[in-house]
Peer 1: 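Would you mind keeping the following structure in view while I ask a few things?
Naming convention: chains lettered A, B, ... in sequence-line order (proteins, then strands); numbering from 1 in each chain.
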Amino acid sequence: MTGADLYIVLLAMIGGAIRVSTPFMFVALGECLTEKSGRINLGHEGNLVLGAMVAYAVSFMTGSPWLGVLAAGGAGLVLGAMHGWICALPRVNDIAVGIAFMSFGTGLAFFFGKSFIQPSAPGLEAIGLGDWTGNSAIAQALQVNPLFLVGIALAVFLSWALANTRWGLILRMTGDSAASARAMGVNIDLVRLLATAVGGLLAGIGGAFLSLYYPGSWNEGLSSGQGLMAVALVIFARWDPIRCVWAALLFGAAGALGPSLQSIGISQGYYFFNAAPYILTLFIMIASARSKSAASDAPGELSIVK
Amino acid sequence: MTSSTLTRRSLLRTGAGCVAAAALPFNMARAQTPIVLGAVYVGPRDDFGWNQAHALAMDVLKQVPGVTVIEEENVPETDAVAQSMESMINLDGANLILATSFGYYNPFVIETARKYPEVQFRHAAPLWNKDTDPANAGSYFCYLNQAHYVNGVAAGLSSTTGRIGFVAAKPIPSVLSNINSVLLGARSVNPAAVVQVIFTGEWSMPVREAEAANALVNAGCDVITCHVDGPKVVIETAEARGVKSCGHNASQAPLAPTGFITGAEYKWETIYKIYADALATGAEVPNFIAGGYHNDMLRNSDYGAGATPEAIAAADAAIAGLKEGKPIYVGPLKDNAGNVVIEGTMDNYDPVLDGMSYLLEGVEGSLT
Amino acid sequence: MTMTSTSPLAASGLSAATLRRIEALAIPVGALIASALVFSVFLLALGKSPLEFYGLIWTGGFGSSFSVQNTLQRAAPLILTGLAFAIPARIGLTLIGAEGALVLGGFSAAAVAIPLVTGGVTAVIGLPLMAVAAMLTGAVWIGLVGWLRHYRGVNETIASLLMSYIAIATMNFFVEGPLRDPASANKPSTMPIGELYRVGPIPGTTVHWGLAAGLVLAVVLHILMTRTTFGFAARMTGGNVRAAQAQGLPVGMLVVGCCAIAGACAGLAGFFEVAAVHGQANASLVAGYGFTGILVAFLARQNALAIVPVAILFGALAASGGLIQRRMEMPDATILVLQGIIFVVLLTSETLYGRIAFLQPRRSGDRT
């Protein structure tokens with residue numbers, strides 16, 4: 001590999017990180033919030049796909065992609081709130097309900113999405129952060145969607161709010177020990193309901209990014225499991241919003257590895273290059289699992305880490 | 001394989017008109033009996049690609065009096081398709097099944113055909129073997145690479161860099177033939193033209209397809225084309241990057257108002273019309289139909305804004321040539337590792353081409 | 001069982017165990033009826049007839065001997081993948097990677113078959129070898145997840161999901177590369193195992209033997225988990241790991257053991273997909289059975305025996321889905337929506353256990 005080739009691959013990975021990471025970021029942040037409250041919602045694949053369909057449909061019907069984003073958030077909010085409400089009932093398993101909502105959300109999206117596969121809906125515009133360079137490859141790599149910036153800002157805000165605000169304290173306490181939160185007079189079911197609903201909203205917005213920006217169209221194969229993977233990334237990111245962003249960026253960059261290596265002529269074993277995000281994540285997890293006490297980062301009430 | 005290929009070659013030479021003569025003497029002459037036709041699709045019927053092309057052409061059959069068309073979409077290539085076909089037969093009385101996805105044939109179409117000898121099965125790939133497969137099964141297929149050759153001609157003259165990007169799903173013969181035909185088409189008008197290919201490894205993986213299209217544009221390609229199940233994402237990505245595009249399977253012209261050149265499309269309706277006529281008159285449904293431009297089974301999408309006047313003229317000439325049987329693969333041709341893979345001139349329907357396992361010199365990319 | 005009212009049923013002399021059984025039947029049945037009602041509202045809002053819809057579900061799922069066999073055939077892999085989720089769940093692990101174990105298991109069976117078939121080994125020896133290879137591969141693959149979980153502290157949910165994607169990539173690599181049958185041109189596959197190695201249907205039916213294997217394993221694993229020391233220790237570990245460790249239970253061995261059992265179940269499902277359905281390994285093995293199995297297991301409340309009827313319910317819905325598409329002109333996603341509603345309502349109904357007054361035994365004195 002020459003220096004020029006390396007440059008192409010690196011640029012593609014940076015571009016890929018920016019292009020591909022946003023849905024992962026939104027879902028992961030939403031799930032992070034949910035899990036911080038002590039609930040797990042595995043159903044974000046459903047929110048993501050339904051959000052993508054709703055955003056596309058609304059953007060097509062109204063001509064306003066941002067209205068589509070709002071509608072996607074609304075759809076995600078409803079699914080999330082339903083999850084949160086059902087899981088407040090005694091004996092109901094949140095993981096199972098999440099998987100049920102994955103099925104329900106994708107089912108609804110496919111059912112109502114049939115008539116929106118054909119039309120072209122207006123998509124979201126990008127901000128050309130690299131346009132001043134006059135280099136088309138750099139300009140392309142640095143095409144940034146506003147939602148990407150919103151996602152990063154949100155992560156910073158969540159990180160700050162969880163540590164420094166009363167709301168953050170209540171949320172963390174609910175997630176770490178329901179008993180002590182209850183003793184403080186916190187309505188834990190309400191906290192979890194809100195956290196799950198907001199988490200669902202974020203996942204829905206992640207879906208809007210898929211259908212309105214990148215790859216920027218609606219069809220049934222659009223997500224190919226990104227919502228489920230993003231939920232898994234939260235565990236990988238150890239329930240830290242900033243680390244969620246890094247995980248999403250890493251995942252996006254690794255996803256760009258396969259196509260960009262082929263574009264410079266390295267295509268032997270492309271199945272494994274295409275699986276790079278999964279392989280990389282697994283190895284990082286194995287390598288780091290015992291280096292710090294991973295479990296201590298986990299909210300104590302979380303069923304999946306108990 | 002040899003005897004069936006001989007049949008097929010003679011059959012292809014003479015065109016669709018003689019197809020009935022090659023059909024086995026299985027008689028569906030029951031004009032009075034209502035015909036229930038079951039169509040099975042592997043994906044959604046409106047995918048801007050393979051399934052949509054079939055579903056649109058199925059409308060021809062719906063017009064035939066006495067023919068009822070029942071359809072199932074998103075049927076995976078597992079025993080689910082065998083069950084779906086049997087369900088159509090047992091519960092809806094289907095007597096003609098059109099199985100439209102490649103992976104349906106072996107073992108599912110073959111086994112179901114053996115089990116229901118009174119039902120006719122036709123499968124959209126050139127796989128039926130007269131000697132070993134059931135007589136109530138059969139194949140129909142169009143050699144789309146001819147239309148991709150036309151894509152290549154138009155792309156070669158519409159491109160300024162001479163680099164054409166190709167997003168491909170898997171390195172299988174039908175895909176490789178399309179890639180190589182694009183190259184040969186482009187080289188026929190621009191000897192320096194190059195095709196760069198990226199394999200995604202999946203028939204439908206929108207994010208990776210977009211990534212691949214972007215990587216090709218970054219590598220200097222100014223025309224993008226593809227062979228994936230639903231080309232929508234690739235064409236839209238090319239349009240968004242401001243480069244030109246050529247379509248695949250169905251018309252994607254509306255998706256790229258500024259950059260669309262033309263696209264390779266099936267004309268399944270030609271074949272379905274033959275079936276419909278046979279059904280309407282109570283004649284035999286032919287076991288094997290295949291073809292290309294010479295028997296009106298392909299078309300190229302209407303030229304878009306991306307096609308230059310020279311490109312349009314050259315593409316039209318190429319179509320006229322293909323209709324007269326002008327060969328695409330004219331040897332000696334080398335693969336991109338330097339080995340001679342085609343010595344002499346190949347007929348456009350030479351069965352040797354069905355086993356294509358190489359990328360020609362001038363294609364950048366590798367198979368594994 | 002916290003409510004203590006004296007119920008009429010209890011007063012009528014029914015034992016606590018009987019009452020629990022009535023409850024365990026009444027709640028899911030009630031939930032199914034409730035979800036059918038909810039879905040009826042959905043249908044009415046779309047202007048479709050719920051009566052026609054449920055009539056078709058019955059026709060397609062159970063209405064004839066063909067429909068029943070269609071249902072059972074579709075249920076077969078789901079029983080095995082349901083077990084693959086349920087067994088680790090009893091020890092407190094959430095494994096969502098059965099898909100990968102199924103794919104790799106099926107692939108191993110096909111790979112092992114290559115030398116056996118070419119060597120002319122009889123199927124009586126060859127088939128068990130293939131099955132063992134599939135189960136071993138699955139057991140090692142998921143066992144590795146358990147090992148990583150217990151000895152390295154790697155979260156098993158995410159590790160199993162990641163390994164699932166890696167398993168599929170591995171299978172694709174071999175199927176399109178080193179182990180590709182050159183004859184499988186357009187659908188890369190391993191060499192066919194041949195007619196001699198095909199597992200036929202259960203005599204008198206069209207359903208393959210995977211169903212019988214699933215039934216046997218469901219019973220065996222139910223006994224293992226409820227009646228043996230291993231099962232007791234596993235469930236105790238699932239209840240409280242620290243307590244189990246304090247008791248001196250070999251927690252690591254139990255975790256890896258349960259995971260290996262799960263992997264073996266999924267691998268066996270893969271074996272039947274290859275030996276009974278496809279006759280070779282290819283990308284069609286990735287059919288989503290592993291993921292559907294998760295839902296099956298949850299709806300069965302991780303009870304090995306209950307997995308059987310739940311899998312049959314799923315099979316019936318899948319079997320009748322095509323009929324709904326054909327007769328009511330509704331999209332394939334209709335069944336997905338119905339499934340989603342059933343899942344949500346059934347899981348919500350969990351909250352009713354122990355809370356329906358007249359199904360509760362008196363607090364004491366009624367245990368014999």
Peer 1: Do the side-chain N and O atoms of A:T196 and A:R192 include a donor-acceptor pair separated by under 3.5 angstrom?
Peer 2: no

Peer 1: Find the one option among C:L161, C:L162, C:T334, C:L336 whose heavy-atom pairs under 4.5 Å with chain A are most numerous.
Peer 2: C:L162

Peer 1: Going by atom types only, do C:E99 and C:Y289 share a side-chain donor-acceptor pair under 3.5 Å?
Peer 2: no

Peer 1: Would you check if the side chain of C:E156 reaches a backbone N or O of C:T94 as a donor-acceptor pair within less than 3.5 Å?
Peer 2: yes

Peer 1: For a ring-ring contact (aromatic ring centres under 6.0 Å, His included) check, start with the C-alpha distance between A:Y278 and A:F251, then their side-chain angles and the critical distance, and finish with the verdict.
Peer 2: CA-CA 8 Å; A:Y278 313 113; A:F251 216 74; 5.7 Å; yes

Peer 1: Where on A:L89 is there a heavy atom nearer than 4.5 Å to chain C: the side chain, the backbone, both, or neither?
Peer 2: both

Peer 1: I would like to know whether A:F101 and C:F343 meet ring-ring contact (aromatic ring centres under 6.0 Å, His included); could you show each step before the answer?
Peer 2: CA-CA 8 Å; A:F101 269 98; C:F343 301 153; over 10 Å; no

Peer 1: For chain C, which of A:L228, A:L233, A:N274 has the most heavy-atom pairs under 4.5 Å?
Peer 2: A:L228

Peer 1: Can you tell me which portion of C:T170 sits under 4.5 Å from chain A's heavy atoms? Options are side chain, backbone, both or neither.
Peer 2: both

Peer 1: Without swapping roles, check the side chain of C:T351 against the backbone of A:P90 for a donor-acceptor pair under 3.5 Å.
Peer 2: yes

Peer 1: Using modelled atom types only, decide if a donor and an acceptor are shared between the side chain of A:E31 and the backbone of A:N41 within a distance under 3.5 Å.
Peer 2: yes

Peer 1: Is it possible for you to check whether C:R301 lies under 6.0 Å from the centre of the six-membered ring of C:Y353, through NZ or CZ, and within 45° of that ring's axis?
Peer 2: yes

Peer 1: With a 4.5 angstrom heavy-atom cut-off, could you sort out which part of A:M102 is near chain C: side chain, backbone, both or neither?
Peer 2: neither

Peer 1: With chain A, which of C:I341, C:L299, C:L93, C:L352 has the greatest number of heavy-atom pairs at distances under 4.5 Å?
Peer 2: C:I341

Peer 1: For chain C, which of A:A275, A:A96, A:P277 has the most heavy-atom pairs under 4.5 Å?
Peer 2: A:A96

Peer 1: Run the numbers on A:Y271 and C:F173 for ring-ring contact (aromatic ring centres under 6.0 Å, His included), then give the verdict.
Peer 2: CA-CA 6 Å; A:Y271 271 109; C:F173 171 77; 7.8 Å; no

Peer 1: For chain C, which residues from residues 105-116 of chain A have at least one heavy atom closer than 4.5 Å to it?
Peer 2: A:G107, A:L108, A:F110, A:F111, A:F112, A:K114

